Peer 1: 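Can you read through this structure? Questions will come right after.
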2 protein chains.
Amino acid sequence: MRELTRAEEEVMQVLWKIRKGFVKDILKHFDEPKPAYNTVSTIIRILQDKGFVDHKAYGRTHEYFPVVSKDEYSKSHLNSFVNDYFSNSFEKMVSFFAREKEISVKEMQEIMKIMEGEVLKQKAMK
Amino acid sequence: MRELTRAEEEVMQVLWKIRKGFVKDILKHFDEPKPAYNTVSTIIRILQDKGFVDHKAYGRTHEYFPVVSKDEYSKSHLNSFVNDYFSNSFEKMVSFFAREKEISVKEMQEIMKIMEGEVLKQKAMK
DNA sequence: AATATATAACGAAATGTTTAGTTATGCAAC
DNA sequence: GTTGCATAACTAAACATTTCGTTATATATT
């Protein structure tokens with residue numbers, strides 16, 4: 001999957017949040033100082049070319065929506081990251097962060113509970 | 001922390017791997033088609049300006065080494081990612097990937113073992 | 001010392017990204 | 001229908017990144 005540049009990513013984050021919208025809707029969600037209308041419009045056009053968004057036309061105005069979901073992009077992005085920084089081992093990545101104490105005991109236990117649930121689900125499927 | 005561009009990141013990956021080296025050493029670790037010597041040299045200079053590497057001079061030749069460790073950069077990069085894509089919740093990120101079945105039962109159990117170890121360590125410290 | 005070699009610094013061209021002015025077109029208000 | 005308004009398309013300029021040829025300089029070789 002192509003990578004998003006900084007500006008493109010910001011537009012995508014808005015679209016993922018609002019699900020669909022016209023350029024002016026997207027613009028509303030930018031913090032000050034807001035970029036010019038045309039700046040957002042151009043980025044949207046690039047995102048269309050790259051296949052990240054598409055639009056539905058109402059006469060001359062276009063309502064844009066994501067074609068690539070935030071989940072899909074997250075997945076691809078994190079997989080590359082884990083590949084480049086943790087020799088493709090998700091396990092190494094998680095344990096690195098556990099050791100770095102970025103996550104508290106409570107959080108770790110919460111994660112473990114979720115993972116136990118997944119383990120059971122997968123076993124049940126056999 | 002500043003972000004690394006694509007080309008910069010590739011040079012850093014080599015430096016992190018070899019720990020220190022002259023431009024020609026870095027060049028050796030690139031896959032074909034290798035970039036020109038000067039391309040790597042220029043990128044190294046940019047990385048020095050950005051504070052990611054420094055060098056030790058032996059007369060006119062420079063031996064380069066990372067100033068920012070791979071761990072530091074990983075940490076900063078993943079924190080931004082988790083912030084942007086999982087509302088800053090590491091837990092959400094892990095459980096998303098568990099659900100996506102990107103990790104096998106075996107791997108999850110391994111991660112759980114590591115995390116249990118961390119939980120115990122942290123409790124012991126109290 | 002003269003020449004060759006290796007290196008970093010410099011400069012510049014090619015490419016990619018970001019920003020926004022200008023233009024053309026359709027729609028609404030009059 | 002003419003005017004004004006909103007919009008997307010087009011265009012171009014500013015800026016950033018990537019690539020590498022050229023140059024200057026130090027060191028090694030003869």
Side-chain angles (χ1 to χ4, degrees), chain A residues 1-16 18 20-68 73 77 80 84, chain B residues 1-16 18 20-68 73 77 80 84:
Chain A
M1 182 176 305
R2 299 271 304 268
E3 279 203 5
L4 294 170
T5 64
R6 254 279 153 262
E8 286 164 9
E9 188 179 349
E10 265 159 44
V11 170
M12 286 306 293
Q13 288 285 2
V14 173
L15 264 186
W16 282 325
I18 68 180
K20 65 182 178 181
F22 303 92
V23 173
K24 67 167 155 49
D25 299 324
I26 296 165
L27 197 50
K28 259 185 280 182
H29 286 79
F30 270 83
D31 289 336
E32 297 294 346
K34 290 184 198 299
Y37 180 99
N38 286 331
T39 301
V40 174
S41 169
T42 301
I43 292 170
I44 283 278
R45 221 163 352 96
I46 293 166
L47 286 168
Q48 277 194 107
D49 294 346
K50 285 193 174 182
F52 281 93
V53 314
D54 201 354
H55 72 268
K56 191 175 164 191
Y58 293 95
R60 186 155 164 70
T61 80
H62 296 179
E63 185 176 48
Y64 298 95
F65 53 87
V67 168
V68 174
Y73 188 73
H77 188 82
S80 307
D84 295 344
Chain B
M1 183 176 303
R2 301 268 305 267
E3 278 202 5
L4 294 169
T5 64
R6 253 280 153 263
E8 287 164 8
E9 186 177 351
E10 265 160 43
V11 170
M12 286 306 293
Q13 288 284 2
V14 173
L15 264 186
W16 282 324
I18 68 179
K20 64 182 180 180
F22 302 91
V23 173
K24 68 168 156 40
D25 300 323
I26 296 166
L27 197 51
K28 259 185 280 181
H29 286 78
F30 270 82
D31 290 337
E32 298 294 346
K34 291 185 198 297
Y37 179 98
N38 286 332
T39 300
V40 175
S41 169
T42 300
I43 292 171
I44 283 277
R45 222 161 354 96
I46 293 166
L47 286 168
Q48 277 194 106
D49 293 346
K50 285 193 175 182
F52 280 96
V53 314
D54 201 352
H55 71 268
K56 190 176 164 189
Y58 293 96
R60 185 155 166 70
T61 82
H62 296 180
E63 187 176 45
Y64 299 96
F65 55 86
V67 167
V68 174
Y73 189 72
H77 187 83
S80 307
D84 294 345

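Keep in mind it's a predicted model, so treat the numbers as computed, not measured. All chains are named by letter (A, B, ...) in the order of the sequence lines, taking the proteins before the strands, and each is independently numbered beginning at 1.
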Peer 1: Does any N or O donor sit under 3.5 Å from an N or O acceptor when you compare the side chain of B:Thr42 with the base of D:dC20?
Peer 2: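 Yes, the side chain and the base share a sub-3.5 Å donor-acceptor pair.
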
Peer 1: Map A:Tyr58 and A:Arg45 onto DNA chain C by nearest heavy atom, then report which one ends up closer to the 5' terminus.
Peer 2: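 So the residue in question is A:Arg45.
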
Peer 1: Does a side-chain N or O from B:Thr39 land closer than 4.0 Å to OP1 or OP2 of D:dC20, or not?
Peer 2: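 Yes, such a contact exists.
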
Peer 1: Is the shortest side-chain N/O distance from A:Thr61 to OP1 or OP2 of C:dG26 below 4.0 Å?
Peer 2: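 Answer no for this pair, as no side-chain N or O of A:Thr61 is under 4.0 Å from OP1 or OP2.
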
Peer 1: Measure the distance from CD on A:Glu63 to C1' on D:dT7 and round it to the nearest whole Å.
Peer 2: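 Answer to the nearest Å: 14 Å.
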
Peer 1: Check the distance between D:dT19's C1' and B:Glu10's CD and give it to me in whole angstrom.
Peer 2: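 About 13 Å, once rounded to whole Å.
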
Peer 1: In whole Å, what is the span from the CZ atom of A:Phe22 to the P atom of C:dC27?
Peer 2: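 My rounded result for the distance is 14 Å.
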
Peer 1: What's the CZ-P distance between B:Arg6 and C:dT17, to the nearest Å?
Peer 2: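 Taking atom P of C:dT17 as the reference, CZ of B:Arg6 is at 12 Å.
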
Peer 1: Return the 5'-most residue of the pair A:Lys34, B:His62 with respect to DNA chain C, ranking by each residue's nearest nucleotide.
Peer 2: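 Of the two residues, B:His62 wins.
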
Peer 1: Over how many whole Å does the gap from A:Tyr37 atom OH to C:dT23 atom C1' extend?
Peer 2: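 Whole-Å distance recorded here is 14 Å.
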
Peer 1: Quick one: A:Lys24 NZ to D:dA6 P, roughly how many Å, whole number?
Peer 2: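 So the two atoms are 10 Å apart, to the nearest Å.
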
Peer 1: Indicate the atoms forming the closest heavy-atom contact of B:Phe65 with B:Lys56, along with that distance.
Peer 2: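 That closest heavy-atom pairing would be CE2-N, 3.8 Å.
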
Peer 1: To the nearest 0.5 Å, tell me how far A:Lys34 NZ sits from A:Lys28 NZ.
Peer 2: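 One finds 9.5 Å between NZ of A:Lys34 and NZ of A:Lys28.
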
Peer 1: To the nearest Å, give me how far apart CZ (B:Arg60) and P (C:dT7) are.
Peer 2: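 These atoms are roughly 11 Å apart.
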
Peer 1: Is there a donor-acceptor pair closer than 3.5 Å between any side-chain N or O of B:Tyr73 and the backbone N or O of B:Leu4?
Peer 2: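 Judged by distance alone, yes, a pair lies under 3.5 Å.
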
Peer 1: What integer distance in Å separates A:Tyr64:OH from D:dA9:C1'?
Peer 2: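 Answer to the nearest Å: 10 Å.
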
Peer 1: What about A:Asn38: does its side chain form a donor-acceptor pair under 3.5 Å with the base of C:dT22?
Peer 2: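 Counting by modelled atom types and ignoring angles, a donor-acceptor contact under 3.5 Å is found here.
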
Peer 1: Applying salt bridge (charged side-chain N to carboxylate O under 4.0 Å, His left out), name anything that partners A:Glu63, two or more places apart in sequence or on another chain.
Peer 2: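 In terms of salt bridge (charged side-chain N to carboxylate O under 4.0 Å, His left out), with neighbours along the sequence ignored, A:Glu63 is linked to no residue.
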
Peer 1: Within the pair B:Thr5 and D:dT18, is there a side-chain N or O less than 4.0 Å away from OP1 or OP2?
Peer 2: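 Indeed, a polar side-chain atom of B:Thr5 lies that close.
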
Peer 1: Where the side chain of A:Lys50 meets the backbone of A:Glu3, is there a donor-acceptor pair that is under 3.5 Å apart?
Peer 2: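 Yes: the side chain of A:Lys50 pairs with the backbone of A:Glu3.
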
